[in-house]
Amino acid sequence: MEQKLASIIEQIPPDDWEKTPASVKKMVESMAQRIDTLEQQAHSLLEAQPQLVEKVNQTSKNSSSPPSSDPPGFGHKSQKKTGKKRGGQPGHEGKSRNLYPLEKCTSVIEHHPVKCSCCGESLFGEDTDPYRHQIVEIPPIEPIVIEHRLHKLTCKRCGSSTRAKLPTDVNPSGYGVRVVGTVALLSGLYRHSHRMVQSALADLFGISMSLGTVNKLRLEASNAVADCVDEAHLYIQQQEVVAADETGFNQANIDGGNPQNRQAWLWVAVTPLVTFFEIALTRCTQAAKNLLGENFAGILTSDRHGGYNWVNMERRQLCWAHLKREFIKISERPGISQELGTQLVEQQEKLFELWQRVRDGTLARSDLVELVKDIRYQIILLLQQAADYEITSREKTPLAKTVRTCRQLLKIEGAMWLFVTTTGVEPTNNAAERAIRPAVIWRRTSFGSQTQAGSTFVARMLTVVTTLKSQERNILELITIAVKSAREGKSAPSLLPEVS
């Protein structure tokens, strides 16, 4: 403030300032102080403006935000009118419904034409290849209820009463294995709440069930598949290529399983035929080690999360979808960042064009290796160019953000290119992100879990459902067999793919 006041006084002749009344001098000092405060506020606002603009412009294309957070109409390109009518075009291969085989048909009704539609002549004979039309119906479903009546009889000799006991093969829960499997299916695959499961059982099967029983049957199904889920976990840890990802999850402390009310995280490890989920109260390195195994020796495809940094850089493939979003974010900043980001996006697009040609068989991998050398050189050059700019440790300008991002990418640049030379390694982590998407939807509709047992149920059901879907196996059948095996003290069926 003193400097501002001095600069104002310098503009006034000394004699005039000396003759100025004290009240006016006081008013000038107040105005100088006000001006100084306003200039500081304006400076702060100018510093914050680029950050606010970047935050407002944040979308799924330049950040890790989901597409559901994008504004209406974003990403939808208006299609030019072609003048063609809607629907299948001439020459288009038509699609028809899949018919059930004859042995699956409850009944077959033959229809023969009686007269010729042209001349009216009577028709006789059989068509060796008749047109088939099927009507599919669901019969009324009524539950099978078996009542066990336990009689109590009094001894004539001593007068004591004895009641019969349930046979060992009759479960005391009061519900059969298919009911337990259906509860687990409705909760796990279709992500129904307890009340929705209760309503579905009543509407579809005429089964009345309390909310407490729904929860008990969920836990029974969870315990029944525990061993086969653990087996799937060990299988994942021994694979040559694994994709991993993690997302936030909410776990309450009703059962004391989260006394510190910590943020829970849902982790996923994906292979082509087996997927494993786990919920942990941490996102640190140890959680990633628990997921992949302390002695994990395969190739890991992931984002840049620091929890995976314990995996050797030579065995990591960073997700290029995440890198693309970083490059787009840089290109949307003003000044030199825009120029650097635009060039980085161009190199990324060249890389993806080459990869698409490898996938469709129009480019040999050996040619890809040679063509990528120049792209890699250009990307390193651009990252280094940005990293060479001098910035202060606390600087928050758009350029400073670009410099820090490029310096971080240079440190892990060696993990960007493994997919170029190694068969079976993808350049993106899309497999893990697709696998974790149903869990994100589950989290949104249920707000997470209330207990540790609830989190365990979520992780196990996601493991079972996702794995069986990838193998095209029946989910209800496996859960039902697992519950039956658990009640009989036997081993659960395996989630691992059959070796042919």
Side-chain angles (χ1 to χ4, degrees), residues 66 68 171-175 177 179-203 207-230 232-233 245-269 275-284 286-291 307 435-466 475 479 482-483 486-487 492:
S68 58
N171 191 273
S173 72
Y175 293 94
V177 293
V179 175
V180 180
T182 302
V183 168
L185 188 73
L186 292 173
S187 297
L189 176 58
Y190 300 106
R191 302 182 290 274
H192 283 3
S193 66
H194 285 50
R195 290 190 182 279
M196 290 176 69
V197 171
Q198 182 188 50
S199 177
L201 290 174
D203 294 340
I207 298 176
S208 176
M209 185 180 295
S210 69
L211 295 178
T213 301
V214 171
N215 189 54
K216 288 180 181 179
L217 299 188
R218 279 166 43 112
L219 294 180
E220 181 181 0
S222 176
N223 294 330
V225 299
D227 289 342
C228 60
V229 169
D230 291 341
H233 191 190
D245 199 7
E246 72 290 330
T247 188
F249 199 82
N250 299 319
Q251 179 181 313
N253 187 42
I254 290 181
D255 62 345
N258 188 11
Q260 299 177 349
N261 291 316
R262 300 173 65 181
Q263 169 69 56
W265 292 87
L266 178 66
W267 294 77
V268 62
T275 300
F276 174 76
F277 289 85
E278 185 174 48
I279 294 179
L281 297 178
T282 177
R283 198 189 180 197
C284 67
Q286 189 56 50
K289 289 185 176 180
N290 293 340
L291 177 73
I436 214 168
R437 191 170 294 128
V440 174
I441 298 173
W442 195 340
R443 178 189 64 194
R444 284 191 173 187
T445 56
S446 67
F447 303 104
S449 61
Q450 300 300 311
T451 63
Q452 186 173 358
S455 293
T456 302
F457 172 80
V458 171
R460 286 174 178 170
M461 285 300 111
L462 286 171
T463 299
V464 171
V465 168
T466 310
I475 301 170
I479 298 177
V483 173
R487 290 183 174 184

**OP:** To the nearest 0.5 angstrom, please state how far the CZ atom of Arg437 sits from the OG1 atom of Thr466.
**Re:** 12.5 Å

**OP:** Kindly give the heavy-atom pair with the smallest separation between Ala482 and Val225, and that separation in Å.
**Re:** CB-CG1, 4.0 Å

Subject >> Pairing residues for His233 by the side-chain hydrogen bond (donor to acceptor under 3.5 Å, both in side chains) criterion, not counting sequence neighbours >> reply: Gln237

Subject >> Verdict with supporting geometry, Glu220 and Tyr175, side-chain contact (heavy atoms from CB on, under 4.5 Å) >> reply: CA-CA 11 Å; Glu220 181 181 0; Tyr175 293 94; over 6 Å; no

**OP:** Any chance you could measure Leu266, atom CG, to Ile436, atom CD1, to the nearest 0.5 Å?
**Re:** 5.0 Å

**OP:** Compare every heavy atom of Ala221 with every heavy atom of Val483, then report the nearest pair and how far apart it is.
**Re:** CG2-CA, 4.2 Å

Original post:
Do the side chain of Arg443 and the main chain of Gly248 share a donor and acceptor less than 3.5 angstrom apart?
Top reply: yes

Subject >> Euclidean distance, Leu201 CG relative to Leu186 CG, rounded to 0.5 Å >> reply: 6.0 Å

**OP:** Please lay out, stage by stage, how Gln260 and Leu281 fare under the test side-chain contact (heavy atoms from CB on, under 4.5 Å).
**Re:** CA-CA 10 Å; Gln260 299 177 349; Leu281 297 178; over 6 Å; no

Subject >> Heavy-atom closest pair, residues Thr463 and Ala232 >> reply: CG2-CB, 4.5 Å

Original post:
Given the rule in the side-chain contact (heavy atoms from CB on, under 4.5 Å) test, do Leu185 and Tyr190 qualify, once you have shown the distances and angles that lead to the verdict?
Top reply: CA-CA 7 Å; Leu185 188 73; Tyr190 300 106; 4.0 Å; yes

Original post:
What closest approach, in Å, do Ala453 and Leu219 show between heavy atoms, and which atom pair accounts for it?
Top reply: CB-CD2, 3.9 Å

Original post:
Is there side-chain contact between Ser446 and Arg191, with at least one heavy-atom pair below 4.5 Å?
Top reply: no

Original post:
Is the side chain of Thr445 donor-acceptor paired with the backbone N or O of Trp442 at a distance under 3.5 Å, no angle test?
Top reply: yes

Original post:
Could you state the interatomic distance from CE (Met196) to OG (Ser187), rounded to the nearest 0.5 Å?
Top reply: 10.0 Å

Original post:
Of all heavy-atom pairs between Phe277 and Ala435, which one has the smallest distance, and what is that distance?
Top reply: CZ-O, 3.4 Å

Subject >> Non-hydrogen side-chain atoms of Trp267 and Arg283 separated by less than 4.5 Å >> reply: yes

Subject >> Heavy-atom pair of closest approach, residues Gly307 and Ala288 >> reply: O-CB, 3.3 Å

**OP:** Working to the nearest 0.5 Å, report the span between CZ of Arg218 and CE of Met461.
**Re:** 9.0 Å

Original post:
Does any non-hydrogen side-chain atom of Glu246 lie less than 4.5 Å from one of Leu291?
Top reply: no

Could you list the donor-acceptor pairs under 3.5 angstrom formed between side-chain atoms of residues 249-256 and any protein atom two or more places apart in sequence or on another chain?
from: Gln251; atom 1: OE1; to: Ser455; atom 2: OG; distance (Å): 2.8
from: Asn253; atom 1: OD1; to: Gly256; atom 2: N; distance (Å): 3.4
from: Asn253; atom 1: OD1; to: Gly257; atom 2: N; distance (Å): 3.2
from: Asn253; atom 1: OD1; to: Asn258; atom 2: N; distance (Å): 2.8
from: Asp255; atom 1: OD1; to: Gly257; atom 2: N; distance (Å): 3.0
from: Asp255; atom 1: OD2; to: Gln452; atom 2: N; distance (Å): 2.9

Subject >> Pairwise distance CG(Leu211) to CD(Gln198) - rounded to 0.5 angstrom >> reply: 4.5 Å

